[in-house]
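Data first, discussion second: the structure below is written as structure tokens.
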Amino acid sequence: MKPGARIAAAIEVLESILNRYQPVSIALTDWGKAHRFAGSGDRNAIGGMVYDALRRRASIAWALGADTPRSLAIGAASSALGLTPEAVIAACDGADHSPEPLTDAEKAGLTRPLDAAPDHVQADIPEWLWPAFSAQFGERAVAEGQAMARRAPADLRVNTLKATREKVLKALASFGAEPCAISPIGVRVPPPVGAQRTPNLQAEAAFQAGWFEIQDEGSQIAALLSGAGPRKQVLDLCAGAGGKTMALAALMQNTGQLYAYDADRNQLKPIFERVKRAGVRNLQVLRAGDEAAVDALGPRFDVVLADAPCTGTGTWRRRPDAKWKLKPEQLDARTAEQRAVLKRAAALVKPGGRLVYVTCSLLPEENTGQIARFLGENAEFLPIPVAEIWDAGSGDLPPSADGRTDSLLLTPERHGTDGFFIAVLARKA
């Protein structure tokens, strides 16, 4: 397909997403089924353009003067397809399934600087969230938002039950794999450029053999800070698909007892295949939704990891459509769920044990605000400065993005990870 036809296809997919409210993955799949002549390279380029358009929706719409599928696709085409603005203009000539020629305003928008745009537009953050976001990051808020609007790398966690980082790096050398900067068990495949796509690493023999899992470096750091280790009793209270559960099992070296629980059985379902592939033998998966069974375990745990449900604002590089769907009432619902999770988790930590609270959010209401409320109501818990417990053999832990020392806020701009918040609380012995 010629560039113009790819841009037209992206417009068509964005129509389905924005006007018919289809999820991005389904809209792209449906387009591919209806246009089987398109090769894998075409589908990759179109998908990259769609995701880039959603990542930078606010700034593209401001530059081109319209928040329409056509404007978004045209505005994303230059970087997504590796074209100059002049080449984008030439590609849209109305011939051979390309879009109609660009208007003068659209042409000007391709090179319009964002200096005069409002800060939330420059940062590509929803306007209603900007007060909280800017309060969190201050003068760095625009840079933090812009980092969230760029493509993300593929991060992998080496499964130390089966492999070493050196083995994984060698197996994935053809993809440009390199060690993660912070996690000593992390491997990073750089983000795709232009019309490239992230490789299907799950198809690799090393993945099938259980040598690694797909896991963002920030998530790896959360597990490394948990204090999980050999012969301990550990609970992953909001296990989801089991990414952090597998990381905890490796830290425990298949000893002690590890429990995994999630309220949603569909979220928990993938964990069983992961257990087999990773060679985990010390895990008991509790029946999804059986809160009574969880509570009956009592305060026996050295570590309770509460990876609480959240708005997912830290994952917007990978799920940019969620950025524009988030509503204030959803934030209120998540914070209520987080309070309930913290209450349940606290009751399961033994004296001298740890409660590790994690979100993939950048919003203070879900992070430091929740911890402050919890500590105000639970005097038997105290925060542990994260630098004191970082013992991963890879140098000092970089400072938190919010300047605090009693918790850790990771961001793409400061740490190269997804957005993660981690607080480690000790129960008094």
Side-chain angles (χ1 to χ4, degrees), residues 132 135-136 221-229 231-239 244 248 251-252 256-263 286 291-311 314 331-391 397 399-410 420-429:
Q136 177 73 285
I221 293 169
L224 289 165
L225 285 169
S226 69
R231 298 178 297 281
K232 291 192 175 183
Q233 296 283 315
V234 179
L235 168 65
D236 188 353
L237 185 58
C238 306
K244 291 184 183 67
L248 295 171
L251 290 169
M252 298 169 72
Q257 183 65 64
L258 174 61
Y259 295 83
Y261 171 80
D262 199 274
L286 302 172
E291 295 180 351
V294 177
D295 294 339
L297 293 171
R300 71 169 68 179
F301 292 100
D302 298 289
V303 176
V304 175
L305 177 67
D307 188 4
C310 68
T311 56
L331 175 58
D332 293 340
R334 296 295 87 77
T335 53
E337 292 170 354
Q338 290 154 10
R339 289 193 292 272
V341 165
L342 277 166
K343 182 178 180 180
R344 169 162 283 115
L348 299 168
V349 179
K350 76 178 187 181
R354 291 181 182 179
L355 193 170
V356 184
Y357 177 75
V358 180
T359 73
C360 51
S361 172
L362 297 176
L363 304 180
E365 298 95 322
E366 300 184 272
N367 298 335
T368 51
Q370 288 287 17
I371 295 302
R373 179 185 288 107
F374 175 82
L375 292 175
E377 298 171 350
N378 296 270
E380 70 272 27
F381 283 89
L382 296 172
I384 308 176
V386 290
E388 294 182 6
I389 53 176
W390 178 250
D391 183 23
L397 188 66
S400 179
D402 58 5
R404 299 178 69 102
T405 59
D406 56 349
S407 57
L408 179 63
L409 182 64
L410 300 167
F420 272 93
F421 174 80
I422 307 157
V424 183
L425 312 176
R427 186 170 190 175
K428 295 177 183 178

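These values consider heavy atoms only, across backbone and side chains, with no hydrogens, waters or symmetry-generated copies. All values reported here derive from a predicted model rather than from experimental measurement.
F420 pairs by the ring pair (Phe, Tyr, Trp, His ring centres under 6.0 Å) definition with nothing, not counting sequence neighbours. For A263, the side-chain contact (heavy atoms from CB on, under 4.5 Å) partners two or more places apart in sequence, or in a different chain, are Y261. Every ring pair (Phe, Tyr, Trp, His ring centres under 6.0 Å) that Y259 has, sequence neighbours left out, goes to F301. Evaluation of the side-chain contact (heavy atoms from CB on, under 4.5 Å) rule for V303 yields S226, V234, V356 as partners, not counting sequence neighbours. Judged as a side-chain hydrogen bond (donor to acceptor under 3.5 Å, both in side chains), and not counting sequence neighbours, the contacts of D307 are K244. Under the side-chain contact (heavy atoms from CB on, under 4.5 Å) criterion, L382 pairs with K428, sequence neighbours left out. Residues that satisfy the side-chain contact (heavy atoms from CB on, under 4.5 Å) test with D402, not counting sequence neighbours, are Q136, T368, S400, R404, L409.
Within the structure, the salt bridge (charged side-chain N to carboxylate O under 4.0 Å, His left out) test picks out the following pairs touching residues 331-341 (sequence neighbours left out): R334-E337. Counting only residues at least two apart or on different chains, the ring pair (Phe, Tyr, Trp, His ring centres under 6.0 Å) pairs with a member in residues 341-376 are F374-F381. Sorted by first and then second residue, the pairs that involve residues 371-384 and meet side chain to side chain donor-acceptor pair (under 3.5 Å), not counting sequence neighbours, are Q370-R373. Evaluation of the salt bridge (charged side-chain N to carboxylate O under 4.0 Å, His left out) test over residues 293-304, restricted to residues two or more places apart or in two chains, returns D295-R344, D302-K350.
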Decide yes or no on side chain to side chain contact (heavy atoms under 4.5 Å, CB included) for L286 and L297, but give the supporting numbers first.
-> CA-CA 11 Å; L286 302 172; L297 293 171; 3.8 Å; yes

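Across all non-hydrogen atoms, the minimal contact from L408 to L397 is CD2-CD2, 3.7 Å. The two residues L362 and G314 make their nearest non-hydrogen contact at CG-CA, 4.2 Å. Of all non-hydrogen atoms in V386 and S407, the two that sit nearest each other are CG2-O, 4.0 Å.
Side chain to side chain, T311 and E366 meet the donor-acceptor criterion of an N or O pair below 3.5 Å.
L224 CG to L248 CG: the interatomic distance, rounded to the nearest 0.5 Å, is 9.5 Å.
Using a 4.5 Å heavy-atom cutoff, the side chains of P299 and L348 are not in contact.
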